[in-house]
S.K.: 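Next up is a structure, given as structure tokens.
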Amino acid sequence: MAEGEIKKGLVGVIADETKVSEVMPDINSLTYRGYAVQDLAEHCSFEEVAYLILNGELPNKDQLKEFEKQERANREISTNLKNIIKNYSKDAHPMDTTRTSVSHLGLEDKETATNTIEADYKKFIRIFAKTPTAVAANFRSRKGLEIIEPKKDLSFSENFFHMCFGKIPSKEVVKAFDVSLILYAEHSFNASTFATRVVTSTLADIHSAIVAGICALKGPLHGGANEEVMKMFFNIKEPEKAKDYILNKIKNKDLIIGFGHRVYKNGDSRVPTMTKYYYKTAEFYKNEKFPKISKILEDTMIKEKNIFPNLDFPSGPTYYLMGFDVDFFTPIFVIARITGWSAHVIEQLKNNRLIRPLSKYTGSKHRTIK
Ligand code: COA
């Protein structure tokens, strides 16, 4: 890179090393700690993958049991937080309420000020276990429904369904949800992860870093895309209208959310696996319309623009079919990404240097006050 050259959007800039995950756009692959994400999605539970991301190795039976025990033991949220959630405005966006709830978890955590790797791991467990409870409580309370307490005898995904709906769907649907969490869990130096690393580099605490991640994830160019995809499906309504809708958008040079990626230019490595489970979910709910719309949009975008769908394209309709409100899609992404963010917080802390880039000044020339 030539001296003084500006890399707008930090395109192509390697900001640091990481051992957490590797994105390989040339071979359309993504690995967590060396394992292909497709294999993890097919063969592991979300809890196993969460353990892998944080600890660097897949857990053996005892390690998994202990990890699950810790997560399950920390699921409950305080009465204070439940009351705060009940008092959130019914119109507040769930990403704003999730941000506020996680920030509140930081106020209540006895170890917030203890900034060691050991304390961060324990705080990660608490944030990981309690955030789904806070999100589900908000999901219900804004509809005027009673908050449902977490259950210790359920898996992470089963428990989330239980807390949102008071029941657990079929095994296939739970697996599709688990797969979506695995695929959303980690993705190297994306915008929200970089935000968590910037905050950690100042030696601020892990709750602050995770809140920064949530703030960055909210935007429609990042995590907020899965909501926007669903809104596009609502506008299209019928498969017969899908092609004209997208051609019109292309003609108007509109941004089509759910397509394109900063790193992948020939397809997002996570999409084939998520699409498989999206179609399975659609089949389970006997919905033929959504997959038809998806196929038309995807084929047309590739043919006309050579731009491929990203993970938000299949995950949005999958979550909708499962019964989640559209504005809760990105908080679900948060629940998954807490694992990746926390691993990066710990990695940053292990070998920290304050992140502080330069800028090229283009403002007024030096002037004096008259
Ligand atoms: N719809 C329409 N055109 C798109 C597009 C999309 N989703 N994504 C990229 N393009 C176009 C750009 O406008 C640009 O066109 P130009 O050369 O005529 O200016 C060209 O494709 C190259 O894209 P580029 O600007 O280099 O992409 P980027 O790396 O800066 O941006 C995203 C990546 C993700 C921000 C971008 O693809 C986007 O905004 N996608 C929609 C939002 C989304 O789904 N985000 C979730 C990401 S996981």
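Treat the numbers as computed from the prediction; the structure is a model and nothing was measured. We count ligands from 1, going down the list as the structure has it; atoms in each ligand are counted the same way.
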S.K.: What is the closest protein heavy atom to atom 7 (N) of ligand 1, and at what distance does it sit?
M.R.: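 Protein heavy atom with the smallest distance to atom 7 (N) of ligand 1: I256 O, 2.6 Å.
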S.K.: Please compare G219, G9, G260, A225 and report which has the shortest non-hydrogen distance to atom 37 (O) of ligand 1.
M.R.: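 Answer by nearest heavy atom: G260.
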S.K.: Could you list the atoms of ligand 1 found under 4.0 angstrom from a heavy atom of G258?
M.R.: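 By the 4.0 Å cutoff, the relevant atoms are 43 (C), 44 (O).
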S.K.: Quick check: are there more than 12 heavy atoms from other residues, nucleotides or ligands sitting under 6.0 Å from CD of E76?
M.R.: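 Atom CD in E76 is not crowded, with 12 or fewer foreign heavy atoms closer than 6.0 Å.
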S.K.: Any Lys/Arg nitrogen of K175 or E172 sitting under 4.0 Å from an Asp/Glu carboxylate oxygen of the other?
M.R.: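 Looking at K175 and E172, the cut-off is not met.
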S.K.: Pick from Y245, Y320, F290: which one makes a ring-ring contact (aromatic ring centres under 6.0 Å, His included) with F234?
M.R.: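 Among Y245, Y320, F290, the one meeting ring-ring contact (aromatic ring centres under 6.0 Å, His included) with F234 is Y320.
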S.K.: Is the cationic atom of K295 (NZ for Lys, CZ for Arg) positioned less than 6.0 Å from the six-membered ring centroid of Y279 and within 45 degrees of its normal?
M.R.: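 The answer is yes; both the distance and angle limits are met.
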S.K.: Quick one: do K123 and D120 make a salt bridge, cutoff under 4.0 Å?
M.R.: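 Looking at D120 together with K123, the answer is yes, because their closest N to O distance falls below 4.0 Å.
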S.K.: Does K143 make a cation-pi contact with F139, if we ask for NZ or CZ under 6.0 Å from the ring centre and within 45° of the axis?
M.R.: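 Output yes; distance and angle both within limits.
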S.K.: Which residue from R262, E228, K265, H261 reaches closest to atom 26 (O) of ligand 1 through any of its heavy atoms?
M.R.: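 Selected option, by shortest heavy-atom distance: K265.
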S.K.: Polar contacts were defined as any N/O atom of the residue lying under 3.5 Å from an N/O atom of the ligand; does this apply to L221 and ligand 1?
M.R.: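 In this structure, L221 places an N or O atom under 3.5 Å from an N or O of ligand 1.
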S.K.: Nearest to atom 38 (C) of ligand 1, what protein heavy atom do you find, and at what distance?
M.R.: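 For atom 38 (C) of ligand 1, the nearest protein heavy atom is L255 CD1, 3.8 Å.
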S.K.: May I ask you to identify the nearest protein heavy atom to atom 36 (C) of ligand 1, giving residue, atom name and distance to one decimal place in Å?
M.R.: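 Minimum-distance protein heavy atom for atom 36 (C) of ligand 1 reads F259 O, 4.4 Å.
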S.K.: Taking the side chain as every heavy atom from C-beta outward, state whether I210 and S342 have any atom pair closer than 4.5 Å.
M.R.: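 Counting from C-beta outward, I210 and S342 do come under 4.5 Å.
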S.K.: For ligand 1, is there an N or O atom under 3.5 Å from any N or O atom of N310?
M.R.: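 Yes; at least one N/O pair falls below 3.5 Å.
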S.K.: Within 4.0 Å of atom 17 (O) of ligand 1 (strictly less), any protein heavy atom?
M.R.: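 Given the 4.0 Å limit, the answer for atom 17 (O) of ligand 1 is no, no protein heavy atom qualifies.
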S.K.: What protein heavy atom is closest to atom 9 (C) of ligand 1, reported as residue, atom name and distance in Å?
M.R.: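 Residue, atom and distance for the closest contact: I307 CD1, 3.8 Å.
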